Amino acid sequence: MGRTLKIHGMLDPHVHLRGMEWSHKGTFASETEAALAGGYWAVLDMPNTLPSTVDRPSLDRKLSEIGTQAVCDWGVYFGAAKNGNWDQYNGILDDVCGLKIYNNATTGNLLIDDQAIREEHYQHWTAKKPIAVHAEEETVLDILALVRKYRRRTHFCHISTAKELEYLRAAKEERLPITLGVTPHHLFLTEDDLPALGSLGLMKPTLKRAYDRAMLWKAIGDGVVDVIESDHAPHTLEEKSSANPPYGVPGLQTTLPLMITAVSNPNWMSPAPWAHVKAMLSTNPRRIFGVQAPPETYTVVDVDDEFVIDKQWLRGAWSPFEGMRVRGRVREVWIRGVKVFDGENVLVKPGFGHNLFGKTA
Ligand code: NCD
Ligand code: ZN
Ligand code: ZN
């Protein structure tokens with residue numbers, strides 16, 4: 001074994017676990033197993049599932065299915081609906097990690113492009129829990145106007161362009177209550193990879209130019225980026241190779257090795273200090289969502305172990321990073337004093353995971 005690092009309570013605040021009517025893409029069991037294999041203690045599940053998490057019955061169905069299947073700890077988002085579902089808020093606040101608003105088109109049917117409806121959601125949502133937004137380019141400005149007016153803590157998901165960073169840097173200087181996340185695919189891939197990747201390189205936001213990617217790394221170096229989020233969004237290879245491929249790529253298993261690879265390579269664009277990368281994977285997301293890691297909850301990763309991301313290591317899944325040489329192998333994951341992953345196998349049964357929010361927490 002090479003040099004090892006210990007990371008406490010890794011939390012990915014942006015995953016799409018599938019399950020329910022999309023169980024052919026993945027289940028709450030299979031995707032939380034991918035989370036453990038990726039070194040994560042906990043994940044927060046987005047609401048653009050089938051059914052969408054937009055009312056009490058759909059939330060109850062998700063809570064019950066994820067509760068019986070999850071092997072890591074978890075939380076779920078409530079989804080803002082375009083027909084105005086704020087009348088549901090009072091009844092669900094205790095059971096969710098936050099609200100998600102989709103302001104640009106992507107997977108699912110939760111797009112809200114009417115600023116007046118977005119504003120109603122901002123008006124009705126609680127000050128106690130954050131709002132996460134999918135907002136690209138100029139839409140970032142529309143959301144910032146609402147943050148300025150209603151002062152609701154807002155997390156900007158998967159920021160991918162230099163322009164968006166410019167807007168959000170200015171908003172941070174203005175002291176608006178905002179945070180932002182970036183994904184490994186926007187940090188490691190660009191549109192130049194699209195010919196080789198084909199539809200496996202299709203996701204929202206799309207892959208951008210090398211200049212945008214360089215600005216993302218610069219923002220990490222400057223401490224402007226708060227969170228590395230995988231935006232884990234599995235689809236089957238059959239769906240991805242169809243005439244109308246859906247957007248999204250899996251990422252839970254590859255995020256930690258990719259970040260360790262970047263940090264340990266002095267030739268990489270921006271060798272961010274390890275302490276900062278670790279914060280973006282654990283303490284920062286925990287602070288944003290107001291959760292504490294339980295005692296004896298950590299990941300041991302061998303930072304000297306180099307390997308190629310291939311189908312066998314991916315446990316049957318696919319990845320846009322297949323063929324890439326990385327370093328950083330997860331050796332052990334512990335949750336609440338229980339060894340849950342030994343580097344090869346998940347050691348706990350479905351249902352081991354706790355809800356970090358709500359009655360069952
Ligand atoms: C996500 C999905 O498939 O659920 N797709 C994606 O391309 N990232 C939705 C999203 O995060 O926008
Ligand atoms: Zn999104
Ligand atoms: Zn997403």
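When a ligand or atom number is given, it counts from 1 through the structure's own listing order. In what follows, residues are counted from 1 in the order of the sequence shown. Bear in mind the structure is a predicted one, so any value in this text is a computation, not a measurement.
- Among residue pairs with one or both ends in residues 219-261, none qualify as ring-ring contact (aromatic ring centres under 6.0 Å, His included); sequence neighbours excluded.
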Practice item. Apply the test side chain to side chain contact (heavy atoms under 4.5 Å, CB included) to residues Tyr150 and Glu119: give CA-CA distance (whole Å), side-chain angles for both, the deciding distance (0.1 Å), then the verdict. Key: CA-CA 9 Å; Tyr150 295 99; Glu119 176 152 5; 2.4 Å; yes

Show the atom names and distances, to 0.1 Å, of all donor-acceptor pairs under 3.5 Å that link a side chain in residues 342-350 to residues at least two apart or in another chain.
{"unit_1": "Asp342", "atom_1": "OD1", "unit_2": "Glu344", "atom_2": "N", "d": "2.9"}
{"unit_1": "Asp342", "atom_1": "OD1", "unit_2": "Asn345", "atom_2": "N", "d": "2.7"}

Output, or 'none' if empty, a list of ligand 1-protein atom pairs in which both atoms are N or O and the distance is under 3.5 Å, rounded to 0.1 Å.
{"unit_1": "ligand 1", "atom_1": "3 (O)", "unit_2": "Arg18", "atom_2": "NH2", "d": "3.0"}
{"unit_1": "ligand 1", "atom_1": "3 (O)", "unit_2": "Thr107", "atom_2": "OG1", "d": "2.7"}
{"unit_1": "ligand 1", "atom_1": "3 (O)", "unit_2": "His235", "atom_2": "NE2", "d": "3.3"}
{"unit_1": "ligand 1", "atom_1": "3 (O)", "unit_2": "Tyr247", "atom_2": "O", "d": "3.1"}
{"unit_1": "ligand 1", "atom_1": "4 (O)", "unit_2": "His16", "atom_2": "ND1", "d": "3.1"}
{"unit_1": "ligand 1", "atom_1": "4 (O)", "unit_2": "Arg18", "atom_2": "NH1", "d": "3.3"}
{"unit_1": "ligand 1", "atom_1": "4 (O)", "unit_2": "Asn48", "atom_2": "ND2", "d": "2.8"}
{"unit_1": "ligand 1", "atom_1": "5 (N)", "unit_2": "Tyr247", "atom_2": "O", "d": "3.4"}
{"unit_1": "ligand 1", "atom_1": "7 (O)", "unit_2": "Lys204", "atom_2": "N", "d": "2.8"}
{"unit_1": "ligand 1", "atom_1": "7 (O)", "unit_2": "Gly248", "atom_2": "N", "d": "3.2"}
{"unit_1": "ligand 1", "atom_1": "8 (N)", "unit_2": "Lys204", "atom_2": "O", "d": "3.1"}
{"unit_1": "ligand 1", "atom_1": "8 (N)", "unit_2": "Asp231", "atom_2": "OD2", "d": "2.8"}
{"unit_1": "ligand 1", "atom_1": "11 (O)", "unit_2": "His16", "atom_2": "NE2", "d": "3.0"}
{"unit_1": "ligand 1", "atom_1": "11 (O)", "unit_2": "Asp231", "atom_2": "OD1", "d": "3.1"}
{"unit_1": "ligand 1", "atom_1": "11 (O)", "unit_2": "Asp231", "atom_2": "OD2", "d": "3.4"}
{"unit_1": "ligand 1", "atom_1": "12 (O)", "unit_2": "Thr106", "atom_2": "OG1", "d": "2.7"}
{"unit_1": "ligand 1", "atom_1": "12 (O)", "unit_2": "His134", "atom_2": "ND1", "d": "3.2"}

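- Looking at His16, its N, O or S atom nearest to the Zn ion (ligand 3) turns out to be NE2.
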Point to revise | From CA spacing to verdict: side chain to side chain donor-acceptor pair (under 3.5 Å), Asp55, Ser58 | key: CA-CA 6 Å; Asp55 53 23; Ser58 55; 2.6 Å; yes

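- Defined by atom type and a distance below 3.5 Å, a donor-acceptor pair is present between the side-chain atoms of Thr139 and Asn104.
- Residues Phe188 and Trp217 place their aromatic rings such that the two centres sit under 6.0 Å apart.
- Side-chain polar atoms of Tyr167 and Glu138 form a donor-acceptor pair below 3.5 angstrom.
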Review point. What's the verdict on side chain to side chain contact (heavy atoms under 4.5 Å, CB included) for Trp318 and Lys240, showing C-alpha distance, side-chain angles and the deciding distance?
Key: CA-CA 11 Å; Trp318 59 272; Lys240 283 300 245 184; 3.5 Å; yes

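- Take the Zn ion (ligand 2) and draw a sphere of radius 2.8 Å; the protein N/O/S atoms inside it number 2.
- Centroid-to-centroid, the aromatic rings of His158 and His134 come within less than 6.0 Å.
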